[in-house]
Amino acid sequence: MLRHALGKTFRFLGYTVQYGCIAHCAFEYLGGIVVCSGPSMEPTIQNSDIVFSENLSRHFYCIRKGDIVIVKSPNDPKSNICKRVIGLEGDKVCTSNPSDFLKSHSYVPKGHVWLEGDNLRNSTDSRYYGPVPYGLIRGRIWLKIWPLNDFGFLRASPNGHRFLDD
Amino acid sequence: LRSPRNPEQKIIKRVIALEGDIIKTIGYKKKYVKVPHGHIWVEGDHHGHSFDSNAFGPVSLGLLHARATHILWPPHRWQKLQPALPPERKPLRREQE
């Protein structure tokens, strides 16, 4: 009787470890579900929206200009931030705020990206902490699943004027 | 840690200063640097021949990958890596805990 219970326990533990490993690999290399908070990506992503993220783009280095990415915060490694990629390495970006009279530009250094939230008035992004190393990117958001009335692929940036063509 | 200049590459350096410390730099654009919050200052042991924070500045903690503890190969260099800060690279002012 006891041996039967013991066998069951070990089998259960075995399954837990197996599924735990698979889940970890899936979240690390494939992607997962993310709950976003904060106003910096409005109107594209509102507070408490739930989105799907995928990690394959960052492993294969095909993050494009205009993608929305989840990035480890440069100033707080324990938290993640969600922003749009405005410039890749070598691109020219506008570092001044839209309200400034004199516009300043700079080039994104090698191995870095320039991030901005869609809600330019209420977003701390690269305009505040500078270009972000590519190695901090955790994944790319490609699908919004909640709220259901806004289900679907994410819209293009409402701030097309921030993308400077070479 | 992942290299800030080339995300495909991992580099191995020594941690010289943590966030809040003020250190004197070797060949960096600013002579004295206060390490910002969430960042660290790394240097190679071979000063002058190392691509480290003296070239690319303080690195974000999120780029950290792992800590090197031992050298395994070649066998005649088998050793435990000592976490030792060279005395001439000590920070000028340590942030109070």
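Every heavy atom of this structure was used, including side-chain atoms; hydrogens, water molecules and symmetry mates were not. Computed from a predicted model, the values in this text were never measured in an experiment.
When the side chains of ILVMFWY residues are joined at heavy-atom separations under 4.5 Å, either directly or via intervening members, A:L148 and A:I145 end up in a single hydrophobic cluster. Under the 4.5 Å side-chain heavy-atom criterion for grouping Ile, Leu, Val, Met, Phe, Trp and Tyr, A:I22 is not connected to A:F12 through any hydrophobic cluster. Cluster annotation: B:Y28 is not connected to B:I26 through the hydrophobic network of ILVMFWY side chains, with a link wherever side-chain heavy atoms come within less than 4.5 Å. Using a 4.5 Å cut-off between side-chain heavy atoms of Ile, Leu, Val, Met, Phe, Trp and Tyr, with links allowed through other members, A:L88 and A:F60 fall into different hydrophobic clusters. Under the 4.5 Å side-chain heavy-atom criterion for ILVMFWY residues, a single connected hydrophobic cluster contains both A:Y128 and A:L115.
Once rounded to the nearest 0.5 Å, the distance linking CZ of B:F56 with NZ of A:K110 reads 12.5 Å. The distance from the OG atom of B:S60 to the OH atom of A:Y129 is 10.5 Å, given to the nearest 0.5 Å.
For NZ of B:K29, the number of neighbouring non-hydrogen atoms (other residues, nucleotides, ligands) closer than 6.0 Å is 12 at most. No more than 12 heavy-atom neighbours from other residues, nucleotides or ligands sit within 6.0 angstrom of NE2 on A:H4.
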N/O donor-acceptor pairs under 3.5 Å from side chains in residues 37-59 of chain A, not counting sequence neighbours:
unit_1 : atom_1 : unit_2 : atom_2 : d
A:S40  : OG     : A:K83  : NZ     : 2.8
A:T44  : OG1    : A:D118 : OD2    : 2.4
A:N47  : OD1    : A:G38  : N      : 2.9
A:D49  : OD2    : A:Q46  : N      : 2.8
A:D49  : OD2    : A:K144 : NZ     : 3.0
A:S53  : OG     : A:G32  : O      : 3.4
A:E54  : OE1    : A:L56  : N      : 2.9
A:E54  : OE1    : A:S57  : N      : 3.1
A:E54  : OE1    : A:S57  : OG     : 3.4
A:E54  : OE2    : A:S57  : OG     : 2.5
A:E54  : OE2    : A:R140 : NE     : 2.7
A:E54  : OE2    : A:R140 : NH2    : 2.9
A:N55  : ND2    : A:F27  : O      : 2.8
A:N55  : ND2    : A:E28  : O      : 3.0
A:S57  : OG     : A:R140 : NE     : 3.2
A:R58  : NE     : A:R138 : O      : 3.0

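Remark: B:E43 engages B:W41, B:N54, B:R89 in a side chain to side chain donor-acceptor pair (under 3.5 Å) (not counting sequence neighbours).
The minimum heavy-atom distance linking B:P7 with A:Y61 is given by the pair O-OH, 3.5 Å.
Residues of residues 73-82 of chain A lying under 4.5 angstrom from chain B, judged on non-hydrogen atoms, are A:S73, A:P74, A:N75, A:P77 by number. Residues of residues 61-74 of chain B having a heavy atom under 4.5 Å from any heavy atom of chain A, listed by number: B:L61, B:G62, B:L63.
Proximity to chain A (any heavy atom under 4.5 Å) is shown, for B:P36, by neither the backbone nor the side chain.
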